[in-house]
Number of protein chains: 2
Amino acid sequence: MGEQLLYKHLQQELKKKIYAGELTDGDLLPSENELTQMYKVTRTTVRKALDELVKERIIRKEKGKGSVVTRDNKNLGLLGVKGFSQVVTAQNKKVSTKIIEAPAMSAWPEMFFYPLSETEEKSGCISMKRLRLVENDIVMLENTYIPNFGMSKLCETPFVNGSLFETLHEVFHLNILRVEQDMRAIIAQGETATLLKVYEGHPLLNIYLKFYTDKKNICIYSNLLCNTTKYSISS
Amino acid sequence: MGEQLLYKHLQQELKKKIYAGELTDGDLLPSENELTQMYKVTRTTVRKALDELVKERIIRKEKGKGSVVTRDNKNLGLLGVKGFSQVVTAQNKKVSTKIIEAPAMSAWPEMFFYPLSETEEKSGCISMKRLRLVENDIVMLENTYIPNFGMSKLCETPFVNGSLFETLHEVFHLNILRVEQDMRAIIAQGETATLLKVYEGHPLLNIYLKFYTDKKNICIYSNLLCNTTKYSISS
DNA sequence: GAGTGGTCTAGACCACCTG
DNA sequence: AGGTGGTCTAGACCACTCG
């Protein structure tokens, strides 16, 4: 346990301070030289830790000024490494979620939209279907698939702040690193049209998402069907 | 001018070799130690160059083995900071462009899809309309709008390698830094359907792009209409 | 065991920003 | 002018992969 990479340690220390509110949007981190002294490491190590935070979009660096905390990301729309509720609420919109199918253990769907690793295949999956609303407009139908690595608790307890990602972070210490996406335009049909309350033939944006986590071989998959008539999807 | 960062130089040298086909999918790059000797730089510099290539998804690193060229990605990775031809050709697809309306000076369209800065507004714009094909399939109709800051030469000379972005780089020393995008699903109608050779009512992916450049107040705008039936759009 | 990438140290010079 | 991040050097030890 105690053994940890120096840069990872520093990275997590800084992340904690940011998430705890000690450092907030726009604040400057201690300079790289200060951090070398505070943590008794070289600048290379400090820079590696900061580079990781930049990758996570938690800070940004400005030459001549310093490392700035960025907890805004307003135009990150949907496609960044964030969940729906975190993103849209950041834009001062009233967001709500209607659960169509609560999280439940099942086998993986046949012909799953992404190839699965062997470990994922064996573990089975937890799937759920949710409807997303912004300002009382139905904007999205979301099918989510999570490999079941001892996460059956997901099926029993409500989500932290209603957010899957926050729950994964808080309860399972699982963090999303990056996301791959694949987009198509399709035509609304059948149940999808009914749930989204659009006519059959209405155009929808179909997004396949694959979220990579900090645990190897664990990815989370989502299939989004978006009615973009009123709200577009940005990044 | 000529002066270039060592790691950028190395990064580009390696990229060239990959794009030129000297190194292809699955091949191993020279090891980091070999590269230090070949280019007379330290390993830090080599690693920085390789890190950038990893970011660009051009290679992946495997501990104990080496740096592996990864040219997979079946679909159009369009949404990074790259032009269409650069992206798609990198995936071993035959790409072609059919010019519907050659670059020409004009006023900005009324109700332009992005708000313009005052300087952009005054300068007028150069617009063009192009059809993009992959493996002889029409996949995209692209409307591009460039503020005319002394770029009338764009209307006279063919593009460098057929690429707008390469031309902007080579001729005007204008580089793309990042891109904002906004996506919708729409229904093909009228001229759009005709040009893309799809039926009216066919779903299309409509992407608005705003490319930020290294010159302040100069952005380049594109409006894409994509037939995603055969090729999806990824990022 | 030889080679690879991953981590880390201890320095240095530079361009950039701000007071 | 002093501090900041960006780049770079010249080493070192480690865990991992492979023959």
Side-chain angles (χ1 to χ4, degrees), chain A residues 1-15 17-18 23 26-70 177-178 212 214-217, chain B residues 1-15 17-18 23 26-70 173 175 177-178 214-216:
Chain A
M1 293 276 124
E3 273 320 308
Q4 202 187 11
L5 296 174
L6 292 175
Y7 83 85
K8 286 255 177 196
H9 175 71
L10 174 52
Q11 177 187 350
Q12 288 187 1
E13 287 296 310
L14 293 171
K15 217 194 297 196
K17 292 196 178 177
I18 291 165
L23 294 165
D27 286 357
L28 270 101
L29 257 57
S31 77
E32 297 182 352
N33 283 321
E34 284 171 338
L35 289 171
T36 61
Q37 291 163 23
M38 291 164 62
Y39 290 88
K40 311 289 181 200
V41 292
T42 33
R43 211 171 134 219
T44 310
T45 306
V46 169
R47 284 179 62 77
K48 174 72 175 166
L50 296 182
D51 278 353
E52 293 297 312
L53 294 177
V54 169
K55 267 190 212 165
E56 295 188 65
R57 309 267 214 134
I58 291 175
I59 64 169
R60 95 180 154 266
K61 295 218 205 178
E62 294 187 12
K63 204 193 296 194
K65 291 175 69 178
S67 302
V68 187
V69 178
T70 63
L177 294 183
R178 64 187 184 86
Y212 289 83
D214 51 5
K215 292 211 174 38
K216 270 187 189 170
N217 300 318
Chain B
M1 301 260 133
E3 273 322 308
Q4 202 186 11
L5 296 174
L6 291 176
Y7 82 86
K8 288 254 178 198
H9 175 71
L10 175 52
Q11 177 187 351
Q12 288 188 0
E13 288 296 311
L14 293 171
K15 217 193 299 197
K17 292 197 178 176
I18 291 166
L23 293 165
D27 286 357
L28 261 70
L29 258 56
S31 78
E32 297 182 353
N33 282 321
E34 284 171 338
L35 289 171
T36 61
Q37 289 162 24
M38 291 163 63
Y39 290 89
K40 311 287 181 202
V41 293
T42 30
R43 206 165 140 229
T44 311
T45 306
V46 169
R47 284 179 61 77
K48 174 73 174 167
L50 295 183
D51 278 353
E52 293 296 313
L53 293 177
V54 169
K55 266 189 213 167
E56 295 188 66
R57 311 271 212 124
I58 291 175
I59 65 170
R60 92 178 158 268
K61 296 222 210 173
E62 295 188 12
K63 203 194 294 194
K65 291 175 68 178
S67 301
V68 187
V69 177
T70 63
H173 308 292
N175 295 294
L177 294 183
R178 64 188 183 86
D214 51 4
K215 291 210 176 38
K216 272 185 190 171

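Within every chain, numbering begins at 1; the chains are lettered A, B, ... in the order of the sequence lines, protein sequences first and strands thereafter. In this text, all values refer to a predicted model and were calculated from it rather than measured experimentally.
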key: For A/Leu6, side chain to side chain contact (heavy atoms under 4.5 Å, CB included) partners two or more places apart   =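 Partners of A/Leu6 by the side chain to side chain contact (heavy atoms under 4.5 Å, CB included) criterion, ordered by chain and then number, come out as A/Val41, A/Thr45.
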request  = With sequence neighbours left out, write down each residue that passes side chain to side chain contact (heavy atoms under 4.5 Å, CB included) with A/Glu13, or none if nothing qualifies.
outcome  = A/His9, A/Lys16, A/Tyr39
Write down the distance between [atom1] ([X]) and [atom2] ([N]), rounded to a whole number of angstrom.
{"X": "B/Lys48", "N": "C/dG6", "atom1": "NZ", "atom2": "C1'", "result": "16 Å"}
{"X": "B/Asn33", "N": "C/dA2", "atom1": "CG", "atom2": "P", "result": "15 Å"}
{"X": "B/Leu28", "N": "C/dG3", "atom1": "CG", "atom2": "C1'", "result": "12 Å"}
{"X": "A/Lys61", "N": "D/dG6", "atom1": "NZ", "atom2": "P", "result": "4 Å"}
{"X": "A/Asp51", "N": "C/dG6", "atom1": "CG", "atom2": "C1'", "result": "15 Å"}
{"X": "A/Leu29", "N": "D/dG3", "atom1": "CG", "atom2": "C1'", "result": "16 Å"}
{"X": "A/Arg60", "N": "D/dT4", "atom1": "CZ", "atom2": "C1'", "result": "15 Å"}
{"X": "B/Gln37", "N": "C/dG3", "atom1": "CD", "atom2": "C1'", "result": "13 Å"}

Summary of protein contacts for nucleotides 9-19 of chain C, nucleotide by nucleotide, where a base hit scores B, a sugar-phosphate-only hit scores S (4.0 Å, heavy atoms) = BB-B---BSS-
inquiry  = Holding to salt bridge (Lys or Arg N to Asp or Glu O under 4.0 Å), I want the full list of residues that pass it with B/Lys8, two or more places apart in sequence or in another chain.
reply    =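 Checked B/Lys8 against salt bridge (Lys or Arg N to Asp or Glu O under 4.0 Å); zero matches.
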inquiry  = My understanding is that only residues two or more places apart in sequence, or in another chain, count here; which of them pass salt bridge (Lys or Arg N to Asp or Glu O under 4.0 Å) with B/Glu62?
reply    =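 So B/Glu62 forms a salt bridge (Lys or Arg N to Asp or Glu O under 4.0 Å) with B/Arg60, B/Lys65.
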For [X] versus [Y], what's the shortest heavy-atom pair and its separation?
{"X": "A/Ile59", "Y": "A/Ser67", "result": "CD1-CB, 4.1 Å"}
{"X": "B/Ala49", "Y": "B/Gln11", "result": "CB-N, 3.9 Å"}
{"X": "A/Leu28", "Y": "A/Leu23", "result": "O-CD2, 4.1 Å"}

task = Only counting residues at least two apart or in another chain, list the ones meeting side-chain hydrogen bond (donor to acceptor under 3.5 Å, both in side chains) with A/Glu32.
result = A/Arg43, A/Arg47, A/Lys61
inquiry  = For a quick test of reading the model: is some side-chain N or O of B/Tyr7 closer than 4.0 Å to OP1 or OP2 of D/dC8?
reply    = no
task = Return no unless some side-chain N or O of A/Ser31 is found under 4.0 Å from OP1 or OP2 of D/dG3.
result = no
message = Show, in sequence, the C-alpha distance, side-chain angles and deciding distance for A/Ile18 and A/Ile58, and conclude whether the side chain to side chain contact (heavy atoms under 4.5 Å, CB included) test is met.
response = CA-CA 8 Å; A/Ile18 291 165; A/Ile58 291 175; 3.5 Å; yes
ask   = Between C/dG5, C/dT7, D/dC8, which nucleotide has the shortest distance from any of its atoms to the side chain of B/Glu32?
value = C/dG5
key: Angle by which the axis turns from one end of the helix from C/dG1-D/dC18 to C/dT18-D/dA1 to the other, five pairs per end, to 10 degrees   = 10°
